[in-house]
Amino acid sequence: MKQAAEGTEQDTSKPVASIGRRWGMVVDLDRCTGCQACVVACHAENNIALNLEDVVLQQRAINWIRIERYWEGEYPNVKARFLPMFCQHCNNAPCEPVCPVYATYHNQEGLNVQVYNRCIGTRYCANNCPYHARFFNFWERDLDDTHREYLNPEVTVRTKGIMEKCTFCVQRIRRSEWERRQADEELQEGDVQPACVQACPTDTLVFGNLEDENSRVAQLAENKRHYRVMENLGTDTNVIYLKKVDPHASETAPAHAGTAADSGGNSA
Amino acid sequence: MTPRTLRITIGALVVVLGLLIIGAVTWVTQAADGPKQPIEFMHTVHVEQNDIDCVFCHRNVETGAEATIPAIEQCMMCHQIVNNENPKVTNPLHQAEIAKLVAHWENKEPIDWVRVHVMPDHVRFVHAAHIKAGFDCATCHGDVGSMERVKQVRSLNMGDCVACHRENNAPTDCTICHR
Amino acid sequence: MHERPRLTPIQINRDLLRSVLETPLVFYVLLLLLMGLVGLGVIAATLMVSYGLGVTGLNHPVFWGFFIINFVFWVGISHAGTMISAILRLSAAEWRRPVVRAAEVMTVFSLLTAALFVVLHTGRPWRTLYWAFPYDFVRGIWPDVRSPLVWDPSAIFTYLTGSILFVYAALIPDLALARDQTTGWRRAVYGVLCLGWRGNARQWKLLNATGLLLSALILPVFVSVHSIVSWDFGMSLVPGWHVHIFAPYFVVGAVLSGVAAVIALMAVMRSLFRLHDYIRPEHFDMIGRLLIVVALAWAYFYFIDVIFALLSNEEAEYQVMKLRLSPPYLYLFLLMITCNVFLPVPIWMFRKFRRNIGIMVWTAIVVNIGMWLERFLIIIPTLQRRHPDAFAWGDYSASLVEITLVIFSFANVALLLLLFSKIFPVIPIWEEKEGHIWKREFRIGKLRLPAIVRE
Amino acid sequence: MLFVGGVAGFAMRLGSGLEDRGPWGYYAAVFGFLFTVGQAAPMVSFVPRLARARWHGPLTRASQVVAVAGLLNVLLFLPLLWLVPSNAERVTVWFNWPWGAPHFFDTIFVLMLVVNGFAFLWVQAIPDLAALRVQSGGTHRLARLLSGSFIGTPKQWKVQRIGLAVLGGCYVMNFIFVQSLISLDYVMTLVPGWKSSMFPAFYSINGLLAATATTIVVLALIRRFYGLQRYITVDQFWNIAKIMLALNLAWAYHWWADFLTTWYGRVPRETVVTLGMRSFGENTWLFVIAFICCFVLPLLILMWNPWRKSVAGPTVVAVLSLIGIFIQRIIDYVPTYLVTQDPLDHELHEAIAIPWPGLPDVLIIVGGLAGAIFLITWAVKALGPLSNWEMQECMLLRRNEKFLNAEVPYVIKPQ
């Protein structure tokens with residue numbers, strides 16, 4: 001994709017991927033209730049295969065976004081903590097350089113892209129992803145005609161033998177882009193909303209352009225509660241978490257879900 | 001080289017050449033004409049003789065991803081009048097084909113058009129974006145107006161797309177087409 | 001070599017060409033058996049390709065399983081050839097002579113098998129062409145040279161090419177001999193293959209120069225191949241894989257398993273083709289000595305790996321090592337370390353055991369079981385570690401398809417070796433004769449001592 | 001004299017106190033260097049013997065004699081031990097053994113290695129000492145004392161040979177063990193985050209390289225100053241040069257494997273240390289010199305057979321490698337000692353530049369090296385520069401014969 005990137009750089013007349021756009025997400029853990037609406041929305045939007053019982057038992061379930069749940073404290077003072085986890089779209093992604101065929105790469109908008117038709121399924125990227133955000137299609141999907149009607153035509157139905165992962169709903173980004181361009185306008189703040197963001201009832205997830213200082217997401221990213229998961233790996237993610245505000249934190253345990261940021265090894 | 005090996009070599013060459021010729025012939029004959037449609041819709045009549053704009057039928061092309069095949073209702077907008085009993089339709093072939101259309105309309109059956117330009121599932125082509133950029137339909141589809149039967153004139157494989165994108169300084173990021 | 005019996009050149013020709021010129025019943029039996037196993041493997045692979053990788057035991061955290069283990073294992077085995085032929089040739093070790101070709105051929109076949117597993121393990125094997133072969137001029141998308149998985153095919157193909165050249169160059173005089181000993185179409189085929197070898201001084205000189213040059217050139221490739229395989233793991237960020245020592249550690253391990261495999265191969269050749277005069281206990285003796293050093297070096301690297309993971313003050317690596325060192329992997333770990341060091345090394349220490357072919361074969365098999373387990377322990381528990389940010393963690397058990405394919409890999413290499421032995425002499429006849437000529441005896445005091453030419 | 005200067009420098013360093021680890025870096029580097037050089041060389045005599053290479057005759061003494069420098073090492077090592085910070089609350093090799101670890105055990109192991117080296121040297125020299133005793137008519141006291149009742153019966157020879165084999169084997173393993181142990185101790189207790197499992201292996205490779213290099217240098221010096229051109233021939237240099245080249249390549253390989261893993265992994269914790277401190281960043285120039293000395297120049301010189309087959313070529317490479325290894329030691333130890341942050345913080349956040357050595361440091365370096373050279377010279381004088389009996393054995397086992405039209409050397413291989 002080197003050439004591809006260069007091609008866009010030379011592009012001066014009408015760049016779709018304007019310089020100065022880096023998509024990012026802020027996850028405010030203080031607001032997350034663990035309702036899983038984002039998970040359902042993501043499944044519906046992105047044609048994710050149904051995780052039926054047998055697939056789950058085979059440990060091959062696919063969830064582009066998942067709610068990690070941590071327990072804190074001893075019974076009866078147990079608290080559940082939630083952490084939505086999905087592809088962090090790292091700027092320094094471990095998954096990218098290990099792919100032998102450039103099926104995953106970083107594009108100019110800060111997206112970590114997975115190209116389905118290029119992927120041959122070495123699964124190296126999945127091994128190397130510290131966030132376990134990449135999923136492999138072990139089976140071909142068995143879609144009957146009724147089922148096909150549910151599919152989102154904007155999103156490729158993945159075949160067997162390839163990797164897939166959260167795309168930040170790139171199809172929505174592209175749609176907003178060309179819809180705006182039909183009217184000769186630039187993309188505006190709030191034009192793009194991934195399915196999870198749209199579905200989130202508590203406004204936990206905020207999506208936007210991190211490079212635009214005035215965008216909501218960029219301002220939230222400066223919040224003093226901010227941290228990135230597994231920052232010590234130097235992955236430089238585009239997803240920023242805001243720590244949970246816990247008035248009783250000091251009374252119970254020193255750490256909560258946010259400890260995931262501190263070390264690659266803390267088991268919950 | 002012994003005569004025996006010579007014979008074997010010549011035999012092998014003949015077989016390979018024969019296969020190549022057969023392949024080439026099938027390829028050429030296939031490319032000669034488009035697939036047979038359930039109704040012999042003639043772009044020649046509609047576009048060349050009657051000078052109808054592409055967008056008149058393919059209505060979505062300026063606003064949506066798909067150009068869309070017109071629905072029967074849209075055909076019948078004209079063909080209710082220009083039907084097979086219309087005296088101006090003199091060609092018996094035309095009469096027969098229009099009769100098929102009318103039959104579909106009356107039986108409330110959709111027409112199973114055979115798709116000519118098939119993109120694989122992992123490719124998203126947005127017509128509107130290309131029209132907006134000022135391209136003519138013919139850039140990719142060729143001179144459909146002169147085709148008796150619509151066929152694909154451009155390879156439209158990825159190399160073709162990417163080359164054109166490069167020429168026109170269009171973005172070549174993978175996510176432009178693959179999502 | 002001291003125990004080489006006096007043999008006439010004619011007898012050497014007859015003995016060493018026997019496998020080519022005669023076809024005993026046991027050959028057909030073996031052929032059928034191995035072809036059956038290979039056929040099973042083909043069926044399994046077909047199943048896998050048509051239904052997807054779902055038929056394997058792989059799952060969400062454990063993305064790499066038996067296939068990669070087997071790949072690493074066979075690449076490891078392939079290191080025997082160069083170790084035996086190139087290094088021992090350069091250091092002029094006399095005992096290499098009868099095993100050079102068998103080891104080199106095993107290198108070629110095991111590399112082919114290893115490469116096959118790389119392709120098999122991908123999700124879409126039918127699309128892997130653009131992995132190793134850049135051809136896509138139209139789209140302008142090339143393999144990503146940053147990926148260790150691109151270094152892999154480059155290293156393997158370089159090594160394969162080098163090994164094939166190596167085998168072929170050393171085969172030429174023997175092919176000429178086979179040409180002279182056969183008639184009819186076989187004579188014609190051997191005649192073409194031996195490239196007009198007449199055995200004049202210039203040709204011998206060229207052959208010697210080729211051998212030395214190839215030996216020297218293949219050595220860096222030899223080291224790089226398993227280093228690169230190790231970097232498949234080392235370059236990742238996975239705790240337990242991102243280990244600095246991996247490159248030399250893998251190379252030493254590869255040599256250990258490869259050379260041990262050569263022992264088994266030697267024993268099989270000896271009994272199958274009745275080569276008792278050529279492959280003698282003293283050869284096993286020398287290989288045993290070499291293996292002591294290699295096994296201890298392996299143990300040293302392994303010790304460092306374990307110690308570092310345990311004591312590096314890093315939570316994640318500690319967890320991986322703890323997982324490896326707790327049941328059920330503890331048992332495998334103990335078995336592995338016993339198989340690789342604790343059992344064979346003390347046995348090899350004794351000259352009596354080193355010269356006992358039965359014991360040597362068993363230790364060789366044991367070592368290879370150990371090395372296979374070593375790769376298993378590197379790959380599986382590491383991937384299986386309970387990850388702080390994932391619900392998905394769990395175990396891995398190989399499916400029948402995977403096991404079949406592992407068996408297939410062994411049968412495949414054996415079958416190819418068997419076919420090779422049918423077509424080409426397995427012991428380099430000219431090298432054997434050269435050893436005969438260079439040998440001489442001297443009298444010092446009352447003793448008669450064997451001597452050898454040194455240039 | 002210089003040695004005395006070194007002692008003075010040491011005293012000055014001592015004056016500045018043991019509490020502050022920082023300034024002791026150069027001192028540790030000298031120790032590390034002498035340790036690799038002095039302790040590793042005896043292995044060179046063992047390995048060709050194991051491989052039954054018959055060219056090593058003149059080599060053995062030159063390599064083993066270096067072991068006497070080990071004496072100095074023990075002296076150097078003792079004060080270092082108090083500088084190692086406590087490993088309380090940290091997992092180390094010692095699993096928090098209650099007493100004396102690591103100080104006590106490290107001392108024991110280093111001492112053991114030195115004793116082993118001396119024993120190796122002694123057993124090897126017994127026949128020569130016996131000859132000396134006989135020749136001097138029993139008046140040479142040292143020879144009489146050390147050679148015991150050796151008169152060369154087959155049984156005595158057999159015992160001596162077994163002794164050599166066992167001691168040699170022990171020495172190799174002992175050396176690699178101690179070398180790794182000390183490097184482990186260092187990487188785990190001194191610098192948090194100075195963590196690369198390549199370290200012990202790289203140390204060992206450094207040791208082997210230093211061993212070969214030292215042997216070549218000593219051999220060249222002996223050849224020059226004792227006028228032994230007839231005994232120490234180009235053959236020895238040619239053969240050992242091959243090993244030298246192999247080790248130079250191994251050095252580069254190990255470095256590269258370490259570097260690549262770090263560089264590719266891009267984990268900030270590792271890149272700071274390995275890239276920022278050891279290879280690139282502040283100390284680049286030092287590293288580049290070491291790299292050129294240990295790999296680039298040796299490769300370029302030894303690639304060519306005419307240069308390999310000379311006295312000067314391998315000697316130059318040996319000297320270069322020694323310089324490279326010394327610099328490597330400085331890179332390894334000096335910044336290590338300058339780490340001031342909390343040792344319980346396992347990560348190092350910024351690279352540390354290597355300061356220029358002060359006067360005491362220079363004195364220590366020069367004194368340490370001079371002391372080692374002094375010891376070695378003394379030992380050479382006491383034991384003789386060549387191992388007589390091995391020379392004779394090698395000559396006996398090598399013979400030229402006519403083969404067709406040419407005269408070729410034969411090597412006899414006894415059982």
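The chains referred to below are lettered A, B, ... by the order of the sequence lines, with proteins before strands, and numbering in each begins at 1.
A salt bridge does not link A/D30 with A/K243: every distance from a Lys NZ or Arg NE/NH1/NH2 to an Asp or Glu carboxylate oxygen is 4.0 Å or more. A salt bridge links A/R228 with A/D236: the closest approach of a Lys/Arg side-chain nitrogen to an acidic carboxylate oxygen falls below 4.0 angstrom.
Of the two parts of C/V49, only the backbone, made up of N, CA, C and O, holds a non-hydrogen atom closer than 4.5 Å to a non-hydrogen atom of chain A. Proximity to chain A is limited to the backbone of C/S50, based on heavy atoms less than 4.5 angstrom apart. Proximity to chain A involves both the backbone and the side chain of C/L58, based on heavy atoms less than 4.5 angstrom apart. Neither the backbone nor the side chain of C/F67 has a heavy atom closer than 4.5 Å to any heavy atom of chain A. If you measure heavy-atom distances from C/T56 to chain A, the contacts under 4.5 Å come from both the backbone and the side chain. The parts of C/V55 that come within reach of chain A are both its backbone and its side chain, each placing non-hydrogen atoms under 4.5 angstrom from that chain.
In this structure, C/H60 has its ring center under 6.0 Å from that of A/H132. Here C/F71 and C/H121 keep their ring centres 6.0 angstrom or further from each other. Here C/F250 and C/F246 bring their ring centres to under 6.0 angstrom of each other.
When the candidates C/W151, C/Y51, C/W64 are compared by the number of heavy-atom contacts under 4.5 Å with chain A, C/W64 comes out ahead. Looking only at heavy-atom pairs under 4.5 Å with chain C, the residue among A/N137, A/L233, A/I162 that has the most is A/I162. Counting heavy-atom pairs under 4.5 Å between each of A/G121, A/P97, A/G161 and chain C puts A/P97 at the top. Between chain C and the options A/A133, A/C119, A/C95, the largest number of non-hydrogen pairs under 4.5 Å is found for A/C119. When the candidates A/R134, A/M163, A/R123, A/Q58 are compared by the number of heavy-atom contacts under 4.5 Å with chain C, A/R123 comes out ahead.
Using modelled atom types and a 3.5 Å distance limit, the side chains of A/Q114 and A/T167 yield no donor-acceptor pair.
By the 6.0 Å and 45° rule, A/R60 stacks over the aromatic ring of A/F138. In this structure, A/R69 fails the cation-pi test against A/F82, since its NZ or CZ atom is not both closer than 6.0 Å to the six-membered ring centre and inside 45 degrees of the ring normal.
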